[in-house]
Peer 1: 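Let me give you the structure first, and then I'll get to my questions.
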Number of protein chains: 2
Amino acid sequence: MSAQSFYANVPRHLVAVDCIIFGFENSKLKLLIMQRKVDPMQGEWSLMGGFLQDNESVDEAAARVLKQTTGLEDIYMDQLSCYGDVTRDSGARVISMAYYALIRIREHEQHPTQQFSAHWLELHQIPDLIFDHRQMIADALKKLRDNAHFHPIGFELLPEKFTLSQLRSLYEEIYQKELDKRNFRKKILSMNVLEKLEEKDKTTSKKGAHLYRFDKQKYEELKRRGLVFEI
Amino acid sequence: MSAQSFYANVPRHLVAVDCIIFGFENSKLKLLIMQRKVDPMQGEWSLMGGFLQDNESVDEAAARVLKQTTGLEDIYMDQLSCYGDVTRDSGARVISMAYYALIRIREHEQHPTQQFSAHWLELHQIPDLIFDHRQMIADALKKLRDNAHFHPIGFELLPEKFTLSQLRSLYEEIYQKELDKRNFRKKILSMNVLEKLEEKDKTTSKKGAHLYRFDKQKYEELKRRGLVFEI
DNA sequence: TCAAAAGTGTTCCGCCTACACCCATGA
DNA sequence: TCATGGGTGTAGGCGGAACACTTTTGA
């Protein structure tokens, strides 16, 4: 069988990417969602999405969609899962690859999301969404929890400089669980992956809290010694 | 914009599923691979694969490919990852969803794999494979390790009745690490998810080893109490 | 001076790890 | 009787969890 005839009669499909975009602001985990501009379901709430083009990899398509909807590049993104039911999209048969992204909202604010009718919403504020997008969010949250547990991805959601209180409240949001202040500090500092800065953040207390910075070099050193990040 | 025009001019793509099929035999973890029957790369070693059809979900396509190549149904399968580089398949632009499956080789042997030129090979015996299939296997192994750590999926690779020695050597294969006999027994038995049978397996020792069976009820009970399977 | 968040140590308990000998039995 | 794999218990150490008071300083 020639290559030509082998591939010739195979059905082709629409392939989409949908992005679950997480942010963290005011000690709350948030998601970026938009109102859909096309039929079917025009005006309904939706994740950010787009179709795979011929000249881009699937990962590149996801990065493109993210850039088009937030203006941001070089963002942490990871494949979530493939959603492939025949009737999941009411407009046509579309296979969707879902990605989740972690955004520093402060940096994002410089780029207008208005043109996309995009909004940052807290988890409990999320309205009904089109298709299987709510399931995608549920799956993304689970994956975020699993990944955050053993990989230093939480820092992707924080400003470059952050306080330990901010870091702790981020993990409390991700895990939906209170964390002991002393034990948290002990654990994160014992891994020796943070750089303590001289600066203090005085916006949330009179005393001021030391700022820290995630040190990728130190993290690589941790891994090289066979130890694992865990929080 | 009408629904028709919105979807009309979007490029369509070939979508494949590839299956990384794990088995366990003679205390060795094995993979089922075959020699490709079509060009390009005819005769080269390859994972089991096939193309997504119009009338099936992506998960169903994976199950179909598995059934066509092994004769087995109702097999443990899980999505691995999407492989979407533009040039990953030298014959055409093909997006592949990889799945990994866990097989009880004994049950499989009743179905001839010969017609597919399929072979069970140990990990270190795997030859060069087409496209990005070797990467898929590496990713599948990593995912298998991660999943086996906190989910009782190892039992999918063993006969219904098994000895603790068999179970331990399975995990030694998965983790590529020796496990202490006493500690392993203590841990697995303390979770109370195994049913101890009266029967003994005398094939590997004169004394005979007790057979056990994974008890799904007990496992659900474990989860209900908020505890996690861990091995 | 006081309110509000930052920062700091210790104890206890459970779990993981390391480790060596007897048992049952077919050949 | 002996070789082979099956089966069993304990002691020590480490890490996780629980827990309350002092410090700083702007208002």
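Lettering of chains follows the sequences in order, A, B, ..., and the numbering in each one begins at 1.
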Peer 1: How many whole angstroms separate atom CG of A:Asn183 from atom C1' of D:dA20?
Peer 2: 13 Å
Peer 1: So, under a plain 3.5 Å distance rule, would you say the side chain of B:Lys181 forms a donor-acceptor pair with the base of D:dG7?
Peer 2: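 Such a pair is found, so the answer is yes.
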Peer 1: Heavy atoms only, 4.0 Å cut-off, all strands: where does A:Thr163 land among base, sugar-phosphate and nothing?
Peer 2: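 The answer is nothing, as A:Thr163 stays clear of every strand by at least 4.0 Å.
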Peer 1: If I take atom NZ in residue A:Lys187 and atom C1' in nucleotide D:dG16, what distance separates them, rounded to the nearest angstrom?
Peer 2: 7 Å
Peer 1: Rounded to the Å, how far apart are A:Ile231 CD1 and D:dA17 P?
Peer 2: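 A:Ile231 atom CD1 is separated from D:dA17 atom P by 11 Å.
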Peer 1: Tell me: CD of B:Glu230 to C1' of C:dG14, nearest whole Å?
Peer 2: 14 Å
Peer 1: How long is the line joining CG of A:Asp180 and C1' of C:dT11, in whole Å?
Peer 2: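 Nearest whole value for this atom pair: 14 Å.
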Peer 1: A side-chain contact here means heavy atoms from C-beta on lying under 4.5 Å apart; do A:Tyr83 and A:Leu80 qualify?
Peer 2: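 Yes - at least one pair of side-chain heavy atoms lies under 4.5 Å apart.
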Peer 1: Please work out which of the three classes, parallel, tilted or perpendicular, describes the rings of B:Phe155 and B:Phe214, given edges at 30° and 60°.
Peer 2: parallel
Peer 1: Which residues in residues 202-215 of chain B have a heavy atom closer than 4.0 Å to any atom of DNA chain C?
Peer 2: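 By residue number: B:Lys202, B:Lys206, B:Lys207.
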Peer 1: Is the backbone of B:Leu158 close enough, under 3.5 Å, to the side chain of B:Arg104 for a donor and an acceptor to pair up by distance?
Peer 2: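 Yes, because the side chain of B:Arg104 sits within donor-acceptor range (under 3.5 Å) of the backbone of B:Leu158.
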Peer 1: Hey, does the side-chain of A:Arg182 have a donor or acceptor N/O within less than 3.5 Å of a partner on the base of C:dA6?
Peer 2: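 Flag unset: no donor-acceptor pair detected.
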Peer 1: What's the NZ-P distance between B:Lys200 and D:dG6, to the nearest Å?
Peer 2: 11 Å
Peer 1: Nearest-Å distance, CD1 (A:Ile188) to C1' (C:dT8)?
Peer 2: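 So the two atoms are 17 Å apart, to the nearest Å.
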Peer 1: If we ignore hydrogens and angles and just use 3.5 Å, is the side chain of A:Arg185 paired with the main-chain N or O of A:Ser165 as donor and acceptor?
Peer 2: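 Checking the backbone N and O of A:Ser165 against the side chain of A:Arg185, no donor-acceptor pair under 3.5 Å is found.
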Peer 1: Please give, in whole Å, the distance from D:dG5 P to B:Arg168 CZ?
Peer 2: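 Those two atoms, CZ and P, are 12 Å apart.
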Peer 1: Could you give the distance from CZ (B:Arg64) to CD (B:Gln68), rounded to the nearest 0.5 Å?
Peer 2: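 Rounded to the nearest 0.5 Å, the CZ-CD separation comes to 5.0 Å.
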Peer 1: Can you label the angle between the A:Phe150 ring and the B:Phe150 ring as parallel, tilted or perpendicular, going by 30° and 60°?
Peer 2: parallel
Peer 1: Is the ring pair B:Tyr175/B:Tyr171 parallel, tilted or perpendicular, if the boundaries are 30 and 60 degrees?
Peer 2: tilted
Peer 1: Spell out yes or no: do the side chain of B:Lys186 and the base of D:dT8 have one donor N/O and one acceptor N/O closer than 3.5 Å?
Peer 2: no
